[in-house]
Amino acid sequence: PAAIFKCPVDIKNGINDEQLTQMAKDLQFKPENIEDAKVQMKALYDVFMKSDCTMVEINPLAETPEGVMAADAK
């Protein structure tokens, strides 16, 4: 439970850059990968909204030498 981060998102305004940055930092991405992580998380949010999902999951969202990638998703 201590490793679970929650970030309330205003459904009308969507997720913002500040929230994405905080999530990337909470997930302890390397500084050079924070922007890449934000792009991945924003894309996940966009899929969630466009597909009218009740839940989306990426586990793990991995840090590789090439950057950040979704290694598995449901």
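- Residues satisfying the side chain to side chain contact (heavy atoms under 4.5 Å, CB included) test with Ser51, not counting sequence neighbours, are Val47, Cys53.
- Within the 3.5 Å criterion, the main-chain N or O of Gln19 finds no donor-acceptor partner in the side chain of Gln22.
- Shown here are the salt bridge (Lys or Arg N to Asp or Glu O under 4.0 Å) partners of Asp17, two or more places apart in sequence or in another chain: Lys38.
- With sequence neighbours left out, the salt bridge (Lys or Arg N to Asp or Glu O under 4.0 Å) criterion links Asp46 to Lys42.
- Surrounding CD of Glu18 are at most 12 heavy atoms belonging to other residues, nucleotides or ligands under 6.0 Å away.
- Residues Val39 and Tyr45 do not share a hydrophobic cluster, defined by chaining ILVMFWY side chains whose heavy atoms lie under 4.5 Å apart.
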Using distance only, find each side-chain donor-acceptor pair of residues 60-71 under 3.5 Å and give its atom names and separation, not counting sequence neighbours.
| unit_1 | atom_1 | unit_2 | atom_2 | d |
| --- | --- | --- | --- | --- |
| Glu63 | OE2 | Lys30 | N | 2.7 |
| Glu63 | OE2 | Asn33 | ND2 | 2.9 |
| Thr64 | OG1 | Glu66 | N | 3.2 |
| Thr64 | OG1 | Glu66 | OE1 | 3.4 |
| Thr64 | OG1 | Gly67 | N | 3.3 |
| Thr64 | OG1 | Gly67 | O | 2.9 |

Give the table of side-chain donor-acceptor pairs shorter than 3.5 Å for residues 8-15, with sequence neighbours excluded, one pair per line with atom names and distance.
| unit_1 | atom_1 | unit_2 | atom_2 | d |
| --- | --- | --- | --- | --- |
| Asp10 | OD1 | Lys12 | N | 2.8 |
| Asp10 | OD1 | Asn13 | N | 3.3 |
| Asp10 | OD2 | Asn13 | ND2 | 3.1 |

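- Phe48 contributes atom CZ, which lies 15.5 Å from atom CE of Met41 (distance to the nearest 0.5 angstrom).
- Here Ile4 contributes atom CD1 and Asp26 contributes atom CG; the two are 13.0 Å apart, rounded to the nearest 0.5 Å.
- Separation of atoms CG (Leu44) and CD (Gln40) is listed at 9.0 Å; rounding is to 0.5 Å.
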